[in-house]
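Just so you know, these numbers come straight off a predicted model, no measurement behind them. Each ligand, and each atom within it, is numbered from 1 in the order the structure gives. Hydrogens, waters and symmetry mates are skipped; everything else that's a heavy atom, side chains included, is used.
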Amino acid sequence: METFRAFRVYDDGKFGSGRAVTMSRAELDRGSVVVRTAFASVNYKDALTALGKAKIARKFPLVAGIDLAGTVESSQDARFKAGDEVIVHSFGLGGEHDGSYADVGRFPAEWVVPLPKGLTLFDASALGVAGHTVGVGIDLMQLNGLTPDKGKVLVNGATGGAASVAIDILSGLGFHVVALTGKMNEADYLRSLGAAEVIDRHSMNYGTKPLEAAMWAGAVDSVGGEQLAWLIRTMQREGVITAFGNASGNEFKGNVLPFILRGVRVLGTNVDNPLEGKKRIWQRLATDLKPRCLERIARRIRFDALPQAFDDLLAARMRGRQVVDFSLR
Ligand SMILES: NC(=O)c1ccc[n+]([C@@H]2O[C@H](COP(=O)([O-])OP(=O)(O)OC[C@H]3O[C@@H](n4cnc5c(N)ncnc54)[C@H](OP(=O)(O)O)[C@@H]3O)[C@@H](O)[C@H]2O)c1
């Protein structure tokens, strides 16, 4: 019987504990499309799942990993055939259903997105859930009127995976991007992605007024907490914020004046949009929102480097994205 590599999370009486093992196809969750994984990215949520830091695994054992890009090996669904290049993420992948950290995966056809022309499998994985979420967020900000002539866009948690992709895409669209980071030693990296200005989170004065000087037409917030509260108070009239992350925490204090006096819009952003919406955003990521610096943003790692990758991510020692390349042995 063929066995293959997988990173599985086992019941430990708490939120689960992950390790690299071998498994067989018979042990995989059900689905009509079998995919040979080429690349799978490492996301904040994956580190939490693998290290049992949050209640994300909804069944045990669970193959961890929330996104992948690969090639269809076989399909019982007429929409796919062997050899098709595809992306799979969300819909419970890596939480309720076996995820991406395995040489082989089996998924419902309704979760599978054909790789759009213009992206390679590596590109799709380098973007992954983080990049897709940024795509949803930029799409939402544009639908709410954001254009480069309106003013500057702030991106916080700037060296993070999602933020790096956001800087790359927004600067490519002609926005004046201001990167807010805790790692000023990475200022050159951030400028190389297109940041026009880099500011230091450790020397920030967030102020205390209900409305501070209006500075930003748009903002990409992957940090939450005090930074989101500050952003809301410093947005220009009708400024738009895509808010999708909580790297610094879940809670923030605020007041209504930015909303009722400046019309500030906080656009809650989530990756779990329906399949048709997903295809539309992937299409944009392959064309008008296509990043230019994915090779600089994403680092290829081996499957057996996953435990180290999880530790580095949770300790915020990383910059950009890490992508497991299943061809590396
Ligand atoms: N809603 C959704 O559907 C969705 C989808 C994808 C991601 N997310 C969330 O988005 C966030 C970012 O994801 P990611 O994959 O980009 O994570 P990441 O690569 O770990 O980036 C997070 C960045 O935030 C900054 N940071 C970390 N701790 C901080 C703190 N205590 N205070 C202020 N800044 C801090 C760091 O950047 P600097 O050192 O440069 O400041 C870090 O690199 C996570 O919370 C993730 O769960 C949500």
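Taking the six-membered ring where the residue is Trp, Tyr101 and Phe310 present tilted rings, their angle falling between 30° and 60°. Between Trp111 and Phe91, the ring planes are parallel. Angles under 30° get that label, and only those over 60° would be called perpendicular.
Annotation: ligand 1 has protein neighbours Tyr44, Val129, Thr133, Gly157, Ala158, Thr159, Gly160, Gly161, Ala162, Thr181, Gly182, Lys183, Arg201, Ser222, Val223, Gln227, Phe244, Gly245, Asn246, Ala247, Ser248, Thr269, Asn270, Val271, Leu313, each with a heavy atom less than 4.0 angstrom from the ligand.
Here Val223 is tied to no hydrophobic group at all, with no ILVMFWY side chain closer than 4.5 Å.
Listed by first then second residue, pairs satisfying side chain to side chain donor-acceptor pair (under 3.5 Å) with a partner in residues 12-22 number zero, not counting sequence neighbours. Within the structure, salt bridge (charged side-chain N to carboxylate O under 4.0 Å, His left out) contacts touching residues 226-254 (residues at least two apart or in different chains) are Glu212-Arg233.
With no hydrogens or angles considered, a side-chain donor-acceptor pair links Asp325 and Ser327 at under 3.5 Å.
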